[in-house]
2 protein chains.
Amino acid sequence: MNTPRKAPTMADVARLAGVSPMTVSRAFKRDSSVSEATRETILKAADEIGYVFDATASNLRSQKTDFVAVTIPSINNANFADTLRGLSEGLKARGLQTLLGYTDYDIQEEERLIEQLLRRRPEAIVVTGGRHTPRARRMLQNAGIPVVETWDLPEAPIGHVVGFSNALAVRGMVDHFVAQGLTRIAFIGGDADRDTRGSDRREGFIAAMRAQGLDPSRLIAAGAPPISMREGAAAMGRLLDTLPDTQAVICVSDLSAFGALTECQRRGIPVPDRIWIAGFGDYEIAEVSVPSLTTINPFPREIGARTAALLLRVMDGQQEGPATLAIHPQLLIRGSSR
Amino acid sequence: MNTPRKAPTMADVARLAGVSPMTVSRAFKRDSSVSEATRETILKAADEIGYVFDATASNLRSQKTDFVAVTIPSINNANFADTLRGLSEGLKARGLQTLLGYTDYDIQEEERLIEQLLRRRPEAIVVTGGRHTPRARRMLQNAGIPVVETWDLPEAPIGHVVGFSNALAVRGMVDHFVAQGLTRIAFIGGDADRDTRGSDRREGFIAAMRAQGLDPSRLIAAGAPPISMREGAAAMGRLLDTLPDTQAVICVSDLSAFGALTECQRRGIPVPDRIWIAGFGDYEIAEVSVPSLTTINPFPREIGARTAALLLRVMDGQQEGPATLAIHPQLLIRGSSR
DNA sequence: ATGCCTCTTGGTATCGCTCCCGCCCTGTCG
DNA sequence: CGACAGGGCGGGAGCGATACCAAGAGGCAT
């Protein structure tokens, strides 16, 4: 039963309710300055003719969209999904809607995405990571809206920052393993620099090993980031084949770490008795798997929640300059490393 | 270096480029009826003054937003994320952008969400599931845009459908187990009807057991849907405590099935030798875990891709009436059940 | 009764882009 | 040489809501 005739507008509602379009507008805005009786009349009239508020017109005239643009590397990642949840729940309370795009871990794609998103005139933009193409940086700087970079602590932030140092987080893990007496430690990650957070973790591993005076060359590249459980398993296979005396392996994510663990199980190699395994992210599987996985919790949900709170402060004018909120990832020692 | 002055408009670009605003508009629309030389002049001028196309004005005047609204139960679910990827990739090719919202498995929340989304004037709307509040149904019916219900085969579709029967898929699993000679089969799921797909699977289990003349009462309710790995593990614990002679358990999802598997591992109960375990969804973990998990692949990516293709046909006027595209889930027998 | 304040309502002019229509210029053909 | 087609471009109006200004009604203190 689609109505083929044109969709009703506020003017139609106003005519039926016997008021001016302006009053209809106020009624829909929950503006206090319209009497309860009129509002009810109006809403009933609107319902009767099936009026649906037209946000496109509102957006243009009021120069407000109630959009907050968000770019994440991948939707299919529980960590980023958590950040997005924290963010969108915090924003929903203020009637702000997230306008989401995926970059596929590619800063070229991010550039295209940012351009598309900015055309929609969001009131703020949240990006994942601190590395962008020059043009993307320029667009963000000139957008005239609050910008938040997350999941990183960039050296030259564009605007606000809510994140942590991926390199330092991994260093904490390395230092812990070394303090336990281990020396032959490997790292499993992706084979390209597309995933900047993954690269940062690998670089952090290398720097930490060097700082400890240890050999940082046990590096296994497992495929295009983000690497999967399967790829983690395959990488573990290569590691066991080529460097069988490895005592511990740090994986770029819990997913690859779990894959690595399963490869050990298939080969009958006991974890942690023969080799320790650690991941990153504190995904649910890290806690549930047998043995449970040593990992790092970067508090993804908090990143989102604090970003939302920050944006609300900025929009309220309660935040003066650009803010940098440092998140402190937590090292979680579990069954796979003791 | 935010420019405090007003953002430039097409008129500003036109003035600088020495053409009319109309020509600027055509240049940005990649309209063929503007010479290559003029287009270049215009784009250079636009870049020079930092012009950003204003989609809000375009949306209003052209009555087109290039939005396709999408509701999914949760962003933190690899199956729905896959559907969303298939969908948004298919739509991106035509310049359509997905406008996403999460219902949290709640049809009340879905109703609110649909209202918000329709205000943005999307050109089509894709919802997950076939059960909605009466008001949500009405809004969808009267929206005057293509509607697609997915992940289900509703008896009274609102418009188009791309999905499968959750109940029949589970029946296939039950029938397979029975054909293997098992009779004492349990089901682990959520404890509420919020997750309609989960409920459909449980009902499918009960119906299938009845049809086989078997007892369908081995039901464990594990918590609020969607149930997690942890909850799956806890449910398995309860099942082993209360009904230790159970021969096989079908879980509402691979995640809970994996949790159940880990509980068996912790208790030293061999899978599949003592008990079989099956999940639903063919998440990556089902293939990687040791043993790998018997499951059902509903082809989530294809649901999204076919939805996108369908919508493009509809928008091109190549699709006459409402279409129902049935997806045929695949039963995957793996190590956890043989 | 007058002044003033608050609450509620209305009229008008846009917000920035694009639909629609028309004009000019060039090239081709009878 | 005039007619005509078509590509390239411009002018004016309008998409549907709201910012802004103004005004009437009612209440209360002076």
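Residue numbering restarts at 1 for every chain, and letters A, B, ... go by the order of the sequence lines. Predicted, not measured: the structure shown is a model, and the values here were computed from it.
The side-chain heavy atoms of A:Asp54 and B:Arg119, taken from C-beta on, include no pair separated by under 4.5 Å. Between B:Arg26 and B:Met22, some side-chain heavy-atom pair lies under the 4.5 Å cut-off.
Inspection of the A:Gln63 and A:Arg121 side chains reveals no N or O donor paired with an N or O acceptor under 3.5 Å. For A:Thr38 and A:Thr41, the side-chain atoms include no donor-acceptor pair closer than 3.5 Å. Side chain to side chain, A:Glu111 and A:Thr133 meet the donor-acceptor criterion of an N or O pair below 3.5 Å.
Taking 4.0 Å as the cutoff to heavy atoms of chain A, we find the contact window on DNA chain C bounded by C:dT8 to C:dG16. Interface limits on DNA chain D: the 5'-most and 3'-most nucleotides within less than 4.0 Å of chain B heavy atoms are D:dG8 to D:dG16.
When the side chain to side chain contact (heavy atoms under 4.5 Å, CB included) test is applied to A:Pro21, the partners found at least two apart in sequence or on another chain are A:Ala14. For B:Ser20, the side chain to side chain donor-acceptor pair (under 3.5 Å) criterion is met by B:Thr23, not counting sequence neighbours. Remark: B:Arg306 pairs with no residue by the salt bridge (Lys or Arg N to Asp or Glu O under 4.0 Å) rule, at least two apart or across chains.
Note on residues 122-145 of chain A: no pairs pass ring pair (Phe, Tyr, Trp, His ring centres under 6.0 Å), not counting sequence neighbours. For residues 9-37 of chain A, the pairs satisfying ring pair (Phe, Tyr, Trp, His ring centres under 6.0 Å) are A:Phe28-A:Tyr51, with sequence neighbours left out.
Heavy atoms only, all atoms of each residue included: A:Ala143 and A:Leu118 are closest at CB-CD2, 4.0 Å.
For the pair B:Arg120 and A:Phe67, the cation-pi test (distance below 6.0 Å, angle within 45°) is passed.
Among the heavy atoms of the strands lying under 4.0 Å from B:Met22 is at least one base atom, whether or not backbone atoms are also near. Backbone-only engagement by B:Val19 is indicated by non-hydrogen atom pairs under 4.0 Å involving sugar-phosphate atoms exclusively. Using a 4.0 Å heavy-atom cutoff across all strands shown, A:Ser33 reaches at least one base atom of the nucleic acid.
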Under 3.5 Å, side-chain donor or acceptor atoms of residues 308-324 of chain A against the rest of the protein: list the pairs with distances, not counting sequence neighbours.
residue	atom	partner	partner atom	Å
A:Asp316	OD1	A:Arg94	NH2	2.6
A:Asp316	OD2	A:Arg94	NH2	2.6
A:Gln319	NE2	A:Gly321	O	3.1

Ignoring hydrogens and angles, write down the donor-acceptor pairs under 3.5 Å from the side chains of residues 68-78 of chain B, residues two or more places apart or on other chains.
residue	atom	partner	partner atom	Å
B:Ser74	OG	B:Asn76	N	2.9
B:Asn76	ND2	A:Asp82	OD1	2.9
B:Asn77	OD1	B:Asn79	N	2.8
B:Asn77	OD1	B:Phe80	N	3.1
B:Asn77	OD1	B:Tyr283	OH	3.3
B:Asn77	ND2	B:Tyr283	OH	3.1

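Looking at residues 51-68 of chain B, you'll see B:Leu60, B:Arg61, B:Gln63 sit with a heavy atom under 4.0 Å from some atom of DNA chain D. Within a heavy-atom distance below 4.0 Å of DNA chain C, the residues of residues 34-41 of chain A found are A:Val34, A:Ser35, A:Thr38.
Each end of the helix from C:dA1-D:dT30 to C:dG30-D:dC1 gets its own axis from five base pairs, and the two axes differ in direction by 40°, given to 10 degrees.
Across the interface with DNA chain D, nearest-nucleotide mapping of B:Arg121 and B:Pro21 shows B:Pro21 to be the residue nearer the 5′ end.
A salt bridge links B:Arg301 to B:Glu89: one of the charged nitrogens lies within less than 4.0 Å of a carboxylate oxygen.
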